[in-house]
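Protein chains get the first letters and strands the later ones, always in sequence-line order, with residue 1 at the start of each.
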Amino acid sequence: MPELPDVAVYRKLLDATSLQRTIEQVSFSDSRILRGVSVRKFSDLLKGNRFERSLQHGKNLLVELSGGSPHVWLHFGMTGALHYLEKHEKEPAYTRCVFTFSGGDRLAVIDQRLLGKIGVVESPESFSREKGLGPHALGEEMNAERFIRILSGRKGMIKTALMNQSVIAGIGNIYADEILYQASIHPESDVRRLDEATLRDLHTVMKRVLRTAVEKGADAEKLPRDFLMPNRRAGTKCPRCRGSIEKIRVHGRGTYLCPRCQKRE
DNA sequence: TTCCATGTTCCGCA
DNA sequence: TTGCGGAACATGGA
């Protein structure tokens, strides 16, 4: 699930359970998830320290460590998640990495498909710069003017631009579809054909959709009824016009839309 | 068996 | 430089 709202939920979980607790042990049941640093070095870095505070940029979660410079970097790929386990609780399937705190409670990184990543970065600033990330989609600096400036002048399809992490950080395939559906914009619309008023509206819708999703714990079941997400199947009815939801392919990804509500521009 | 899946990255081409 | 399609990564469900 991990797009911006899902990562926000993991961050809240980490903040509520795992800050300021001494990390006694770090273990990997599959160290392929660890990138750019050895298991030995990674656990030496963490052991005896604490998670001080967390920070989110797009789909990335960065966690500052006590007593020093590096931050732990977590990216959840397509199937990653965080689980908090009390001492007696068993680790879920596909647990790849476990942080054990003194007392025995644990924070577990789950990732079935192993497309997620765990690593170490010097600072949030250098990380974002090196990755070339665009502004966090829900960041304060992402106001309407910035949004319009970033998008105007770009070529290509609007859905592709929204999902491009170096343009805007945090939106993936599911929420790109949701945002464009809510804004009544066809995902294949050429960005250059969207006028300023349309982009302004798209910005408002983007913030509203992402904020709503975060509030609802990124749980599709809890989203408003007029959202597309619970209806991501071809042939279901559009919650707004009762027309038929269509599935197409955009930039290699399955894309759902209502062709009646979303006209190509 | 084949296709598809919430992500990222690299390559070749236009 | 920008954008696109395809493939790769790794795993499992329909």
Side-chain angles (χ1 to χ4, degrees), chain A residues 1-11 28-36 56-62 73-82 92-97 109-119 121 127-128 130-134 136-137 149-181 187-194 206 209-210 212-214 216-223 227-235 246-257:
Chain A
M1 300 172 240
E3 298 185 34
L4 182 151
D6 311 275
V7 176
V9 170
Y10 304 150
R11 180 183 178 201
F28 289 88
S29 47
D30 195 322
S31 62
R32 284 176 296 176
I33 196 167
L34 188 63
R35 309 300 174 100
Q56 180 179 4
H57 189 161
K59 302 171 187 175
N60 302 280
L61 187 56
L62 300 176
W73 168 48
L74 300 170
H75 188 284
F76 298 94
M78 278 168 98
T79 55
L82 287 182
Y94 307 111
T95 296
R96 307 300 188 182
C97 174
V109 180
I110 319 301
D111 190 357
Q112 184 194 89
R113 285 173 62 187
L114 277 168
L115 295 171
K117 301 173 185 74
I118 299 176
V121 301
F127 169 79
S128 299
E130 280 161 28
K131 284 265 164 196
L133 292 179
H136 183 62
R149 203 181 330 126
I150 287 172
L151 285 178
S152 50
R154 287 194 73 85
K155 293 193 290 183
M157 295 184 277
I158 184 62
K159 178 171 178 182
T160 306
L162 287 182
M163 286 198 300
N164 185 338
Q165 301 304 298
S166 61
V167 176
I168 300 163
I171 300 169
N173 196 38
I174 300 268
Y175 284 97
D177 281 3
E178 186 66 57
I179 290 162
L180 292 169
Y181 170 75
E188 289 178 309
S189 296
D190 187 326
V191 178
R192 291 173 297 187
R193 294 184 65 87
L194 303 177
M206 172 186 82
V209 167
L210 295 176
T212 304
V214 173
K216 303 295 178 190
D219 183 344
E221 303 286 300
K222 296 191 178 123
L223 292 175
F227 268 48
L228 177 65
M229 266 176 77
N231 304 289
R232 270 184 81 82
R233 296 180 301 282
E246 181 183 45
K247 182 183 183 186
I248 61 174
R249 197 157 279 277
V250 176
H251 199 236
R253 315 302 302 274
T255 299
Y256 294 84
L257 73 149

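The side-chain hydrogen bond (donor to acceptor under 3.5 Å, both in side chains) test applied to H75(A) returns no partner, not counting sequence neighbours. Applying the ring-ring contact (aromatic ring centres under 6.0 Å, His included) criterion to Y94(A), with sequence neighbours excluded, gives no partner residue. Every residue meeting the salt bridge (charged side-chain N to carboxylate O under 4.0 Å, His left out) condition with K222(A), not counting sequence neighbours, appears here in chain and number order: D219(A). Checked against salt bridge (charged side-chain N to carboxylate O under 4.0 Å, His left out), R96(A) has the following partners two or more places apart in sequence or in another chain: D30(A). By the salt bridge (charged side-chain N to carboxylate O under 4.0 Å, His left out) test, R192(A) pairs with D190(A), sequence neighbours left out. Residues passing the salt bridge (charged side-chain N to carboxylate O under 4.0 Å, His left out) test with D177(A) are K159(A), R232(A), sequence neighbours excluded. In this structure T160(A) satisfies the side-chain hydrogen bond (donor to acceptor under 3.5 Å, both in side chains) test with no other residue, sequence neighbours excluded. Under the ring-ring contact (aromatic ring centres under 6.0 Å, His included) criterion, F76(A) pairs with Y10(A), sequence neighbours left out. Residues satisfying the ring-ring contact (aromatic ring centres under 6.0 Å, His included) test with F227(A), not counting sequence neighbours, are none.
Among T255(A), I158(A), V250(A), L180(A), the single residue meeting the side-chain contact (heavy atoms from CB on, under 4.5 Å) criterion with E188(A) is V250(A).
Using a 4.0 Å heavy-atom criterion, one finds that R232(A) contacts the sugar-phosphate atoms exclusively. Note on G116(A): nothing from the nucleic acid sits closer than 4.0 angstrom, heavy atoms only. The residue G252(A) sits apart from the nucleic acid: no heavy atom pair falls under 4.0 Å.
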| Nucleotide pairing, DNA chain C (Watson-Crick or G-U, distances under 3.5 Å), in dot-bracket with [ ] and | | .||||||||.||||
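Taking atom P in both dT2(B) and dA7(C), one finds a spacing of 15 Å when rounded to whole Å. Taking atom P in both dT1(C) and dT8(B), the straight-line distance is 23 Å, to the nearest Å.
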| note | Its contact letters, B for base, S for sugar-phosphate only and - for none at protein heavy atoms under 4.0 Å, make nucleotides 7-14 of chain B read BBS-----
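If you walk DNA chain C from 5' to 3' and mark each nucleotide with an atom closer than 4.0 Å to a heavy atom of chain A, the marks span dG3(C) to dG12(C).
Between H136(A) and H57(A), the angle of the ring planes goes over 60°, which puts this pair in the perpendicular group of the 30/60° scheme.
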